[in-house]
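So the structure is just underneath, and the comments pick up after that.
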2 protein chains.
Amino acid sequence: MQRLIAHISKFIELTEEDRETILSCIQYQEVKKKDYLLRQDAICNANYFILKGCFRQYYINEKGLEQIIHFGIDNWWITDYDSLERRTPSEYYIQAVENSEIAVLDKRVKEELFSKIPGLERYFRLILQRAYAASMQRIKYIYEFTGEERYYHFSNLFPEFIQRIPQYMLASYLGFTPEFLSKIRSKKI
Amino acid sequence: MQRLIAHISKFIELTEEDRETILSCIQYQEVKKKDYLLRQDAICNANYFILKGCFRQYYINEKGLEQIIHFGIDNWWITDYDSLERRTPSEYYIQAVENSEIAVLDKRVKEELFSKIPGLERYFRLILQRAYAASMQRIKYIYEFTGEERYYHFSNLFPEFIQRIPQYMLASYLGFTPEFLSKIRSKKI
DNA sequence: CTGAAAAATTGAACCAGTTTAAGAAATGAC
DNA sequence: GTCATTTCTTAAACTGGTTCAATTTTTCAG
């Protein structure tokens, strides 16, 4: 759990008391590969901090296929902000891609924590700022590059990551079919 | 400027003193059509609240074409969070699409305001949460629908808005060429 | 009102990526 | 180990959308 404290400390100052307060409010949890943190139509109730492991956020599209819109790995928060905040049924699944460890911050507990440690409000603002900027960047890549370019760009940027996940998930995330990814890869040899 | 105060009040409680503090910290500004709030390679220095009008955020892609990644209209904040926070040269232009009125919140002043009114930290967190959720939603639409479907979806959702902007801007935002938009529209008649 | 610039249309040739379907390879549970 | 399931590959036919180039329409400054 120290990973989470360390992460928060990179953004705001925490007293020893703050640390203890935070630790008393969050729950450690192990999650097995393929287990879900959230399913479609459920209302999301927590923010999840990934201590170790990998998760994917996806929805089932009109053709009945899984479309991955987000990956979360070590030291990232993951949740459905829309469902969490507006108390609406989620459109997304959040599922462990590998055996993982997380810290769970329940919605209600989060509000309490904010009143005890107002600095956390700032921490989450900064986290969201980064996430939003990354999301804009992602839209930029989708428009700017062909599928093949996106694949090479992504595998240069995260060479270890593409070893960790099945190819069909990468294809889905990058916005094309597994067949097309196969085609790209076979070209290279 | 009361529009901004009203907007903030929808998210957090403000005392009369808070209102005055905020009003003393932000600057009213009129912006003419085609004027820029931000240019590529400049470092972004403020958050801009659109009191009235319309802005587009775009970049110049590898082919030298303008690619719009975002529109901002009445009652939305617009900025380049990445450049603003990390003090890096921006990749984006932010330009007025029509004569507009804005409230400017300078970066340094913003930090002062946060220390005077800590609740604003929460306000911006909530704003960002919405913006991030909308951005995820946008990625979902890009993957889920064809260009034609995106066009009809968008014009059903914002029928007045498509009257306000040139078609080539809409095409760029939706991720296809003006020629293709022409084709879609001619089909309909 | 007028001319120049900006925006929208049209059509033909083209290409990036999908679909479908079948087989091969890798993984994992017992 | 071995069988079932999951993942990956290959190839042909197809389609959504682009590119290029020429033309028309709209907008707007003087």
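Given the structure is predicted, the values throughout are model-derived calculations rather than measurements. Proteins come first, then strands; the chains are lettered A, B, ... in the order of their sequence lines, and each starts at number 1.
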Tell me: [atom1] of [X] to [atom2] of [N], nearest whole Å?
{"X": "A:Glu179", "N": "D:dA12", "atom1": "CD", "atom2": "P", "answer": "15 Å"}
{"X": "A:Met169", "N": "D:dT6", "atom1": "CE", "atom2": "C1'", "answer": "11 Å"}
{"X": "A:Glu149", "N": "C:dA16", "atom1": "CD", "atom2": "P", "answer": "10 Å"}
{"X": "A:Leu65", "N": "C:dT20", "atom1": "CG", "atom2": "P", "answer": "10 Å"}
{"X": "A:Gln167", "N": "D:dT6", "atom1": "CD", "atom2": "C1'", "answer": "13 Å"}
{"X": "B:Lys183", "N": "C:dT10", "atom1": "NZ", "atom2": "P", "answer": "11 Å"}
{"X": "B:Tyr151", "N": "D:dG16", "atom1": "OH", "atom2": "P", "answer": "18 Å"}
{"X": "A:Gln163", "N": "C:dT27", "atom1": "CD", "atom2": "P", "answer": "12 Å"}

From C-beta outward on [X], which listed nucleotide comes closest to its side chain: [options]?
{"X": "B:Thr177", "options": "C:dT18, C:dT10, D:dT18", "value": "D:dT18"}
{"X": "A:Ser182", "options": "C:dG17, D:dT9, C:dA8", "value": "D:dT9"}
{"X": "A:Ser186", "options": "C:dA7, D:dC20, D:dT10", "value": "D:dT10"}
{"X": "A:Phe180", "options": "D:dT10, C:dG11, C:dT18", "value": "C:dT18"}

Q. Do B:Glu101 and B:Tyr28 have side-chain atoms, one donor and one acceptor, less than 3.5 Å apart?
A. yes
Q) Do B:Gln40 side-chain atoms and B:Ser90 backbone N/O form a donor-acceptor pair below 3.5 Å? A) no
**Q.** Side chain B:Arg56, main chain B:Phe71, donor-acceptor under 3.5 Å
**A.** no
**Q.** Approximate separation, where rounding is to 0.5 Å, of A:Tyr151 OH and A:Leu174 CG
**A.** 9.0 Å
So [X], base contact, sugar-phosphate only, or nothing? Heavy-atom distance under 4.0 Å.
{"X": "A:Lys33", "value": "sugar-phosphate"}
{"X": "B:Tyr168", "value": "sugar-phosphate"}
{"X": "B:Lys63", "value": "sugar-phosphate"}
{"X": "B:Thr146", "value": "sugar-phosphate"}

Q.
Does A:Glu17 have more than 12 heavy atoms from other residues, nucleotides or ligands lying within 6.0 Å of its CD?
A. no
